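Values below: all heavy atoms of this structure, side chains included; hydrogens, waters and symmetry mates excluded. Keep in mind the model is a prediction, meaning the values are calculated, not measured.
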Amino acid sequence: MGAVRLRAGKAGSEAGSSITVRTCDLLRGWAALQRGTDMGASPLMSLGVRAMNASYAALQTTGHNIANANVQGYSRQTVGLATSQGQYSGAGFFGRGVDVTTVSRAHNEFLTRESAGAASLSAMDEARLSQLSRLESVFKPGEAGLGHAGTLLFSAFSDLSSHPGDLASRQVVLARASDLAARFNEAGLALDDAQRSVTAQLKASVDDINALGRGIAGINQRIAALRGLGQPANDLLDERERLIGRLSSQIKVTRIEADDGSMAIFVGGGQRLVLGTDAAEMRLVQDASDPSRSAIGLVEGGAVRLLDENSLGGGAVAGLLRYQNNDLVAGRNLVGRLALATGMALNQQQRNGLDLSGANGGPMFQMGPAQALPNARNARDAAGNAIGGVALTVVDASQVQASDYDLNPDPATPGSWTLTRRSDGLQRSVNSGDVVDGMRVDISNPQPGDRFLLQPAARAANGMSMRLPNPRDIAAAAPLTATAGSTNTGTASVAALRVTESPLPAPGATAQIRFDSLDAATGTYSLSWQLLDASGTVVGSAAGVAWKPGEPIGGINGFTLDVAGVPQVGDTIDVSPTPAAALTSNNGNALAMSGMRDAALSNGRSLTDTWALALSDVGVRVQSGRTSADISSAVAQQAEQVRTSEVGVNLDEEAARLIQYQQSYQAAAKVLQIAQSLFDTVLQTAAG
């Protein structure tokens, strides 16, 4: 207005009238210009500002995506835009630009669950495989293995049979026996170390689970508090997903989202771990049946509710428990069975022979005991000791199986018990004093609900040691000597004499065996024998015993006799006590010990075959574990790739969006620039 110049009239009323008219016209023009500014420049400027804000928000979100592209578990974020409602005019609706409605994260619940589940299975298989590889190192093939150490011992007995009185040969036997015992003991200790390693890893996993549970509960609280703002807390949701993913690698979880945005986490077939802002405590405890093993449970009301291993489904904890309760137990029993069968067989053969002093040989090996462990829930006295008990005695090591056993009351028959072999689930009804799988079970003072875990072989290798301190204590001589009669006319000779009982039924007695007759049609001899004590008194006899060449002669005085050649009717064989003068030259028991190399020591198999079977069992477990780990790892990787392809950040796409949003921002700035120019034009026009 200050720039407007007024021209004066000629004079008087004419001049005043002219000024009044022109001033009114100017005011009306300015009002029209002002209305034009409101209807033109101002909405355009607002539209440009909105467009710039939307483009800037998109640029900021894209930059956030690029910055977090390498963050594990980050989900791509996107700005949500919506067209602003238009303004009505007589000429129609004029647009008012764009509004930023939200910033959302890319998320697919199904793919997320699939990826977490696959990762949980992969973690389980990987944890088991890592422990199986350690177990494999205990079962060494070749010269480092237990089978080779046993073969060397039997070879030493073979050398001793050639020189039964040689102290150097006897010392070699003791050295080989000590080496075998040391290797068994070393294997047992290695398995104990493996158990301690599993326990330590389980403790670390449980601590991690508790920390993750508390972290998820804390984020639940923050997410629920922000839910009232009406916008998703994207970065907090990603952080919770990362924690749940880490938790799934430890233990398989089931999750349910609540209305307030919090996530409930369940484990072990429905046990609550996280509910809202509360996190339960998981605890590592001793296994109720075997205190050397570990179990896990959730603390509820001050008590621990144990989780069933089979209900865990996946995660490193499930893999470690499976290894502990199956693979490690099997490995321990395989080693223990071999130690038990070898040690008890050699101890028995030692008792069957005579040492250099003329006494029956003492045991060569000390093995770990057979165990009957009462369940932690069994009835106990005031001192905490179990009231009922079970005594487990191995009576025939050759029949012992590589397995633990559950001994539980038989609900159908009060007073009876059910014995379940864990390796194959075979069940049998037993009573106190019964012998099953080479072990005798004696039950004393049982209480209602008592349960026991029987381990006939699991601890046999632990603490195994060689007990003979002196090489003279090796019982190389047989207590009996067999000789063919000097007047025999046939070709019969003594092929082998094996003492099968110690002490002998008739100690010091001489057995005289006579071939009385021959049935030529069948080739069957009729034998008679009698036992004479030191004074010549008959203390036992039999007649009419049928025998065919090639069959052993036994059942006389705790020995078995193999005859070579063809006897004639009337021929005799005498089996008499070995004289003291022959103790240094008699090799009967050394030959028997040497022959044990190929004898059936365990379930019809030799030492070498039993060890080979153990190697095969462990090898199959390792190979199966490796195959499972490879497959589950591939599945987990594929599931994660599918998830990340949908919700992850693609840097190429984000770079393209940067250019797109930059151009959009520049275009919006141009709109704002034009709006400003229009406004300036209006002002200039109004100023005249």
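- Judged purely by distance below 3.5 Å, without hydrogens or angles, the side chains of Ser594 and Ser161 never pair a donor atom with an acceptor atom.
- Annotation: side chain of Leu601 is not in contact with side chain of Arg605 (no heavy-atom distance under 4.5 Å).
- Applying the side-chain hydrogen bond (donor to acceptor under 3.5 Å, both in side chains) test to residues at least two apart or on different chains, the pairs with a partner in residues 507-523 are Gln512-Gln530, Arg514-Asp516, Asp516-Ser528, Asp519-Thr522, Thr522-Thr524.
- Side-chain contact, Asn325 with Glu309: a donor N or O sits under 3.5 Å from an acceptor N or O.
- Every residue meeting the side chain to side chain donor-acceptor pair (under 3.5 Å) condition with Ser423, not counting sequence neighbours, appears here in chain and number order: Ser403.
- Sorted by first then second residue, the salt bridge (Lys or Arg N to Asp or Glu O under 4.0 Å) pairs that include residues 574-599, not counting sequence neighbours, number zero.
- For residues 149-179, no residue pair satisfies the ring-ring contact (aromatic ring centres under 6.0 Å, His included) rule, not counting sequence neighbours.
- Using a 4.5 Å heavy-atom threshold, the side chains of Arg183 and Met464 count as separate.
- Donor-acceptor pairing under 3.5 Å is recorded for the side chains of Asp404 and Asn333.
- Residue pairs meeting the side-chain hydrogen bond (donor to acceptor under 3.5 Å, both in side chains) criterion with at least one member in residues 531-553, sequence neighbours excluded: Asp533-Ser535, Ser535-Thr537.
- Minimum heavy-atom separation, Ser502 to Asn352: CB-OD1, 3.2 Å.
- With sequence neighbours excluded, the residues satisfying side chain to side chain donor-acceptor pair (under 3.5 Å) with Gln324 are Gln195.
- Residues Asp437 and Val400 are not in side-chain contact: their nearest non-hydrogen atoms beyond the backbone lie 4.5 Å or more apart.
- With no hydrogens or angles considered, a side-chain donor-acceptor pair links Asn462 and Asp192 at under 3.5 Å.
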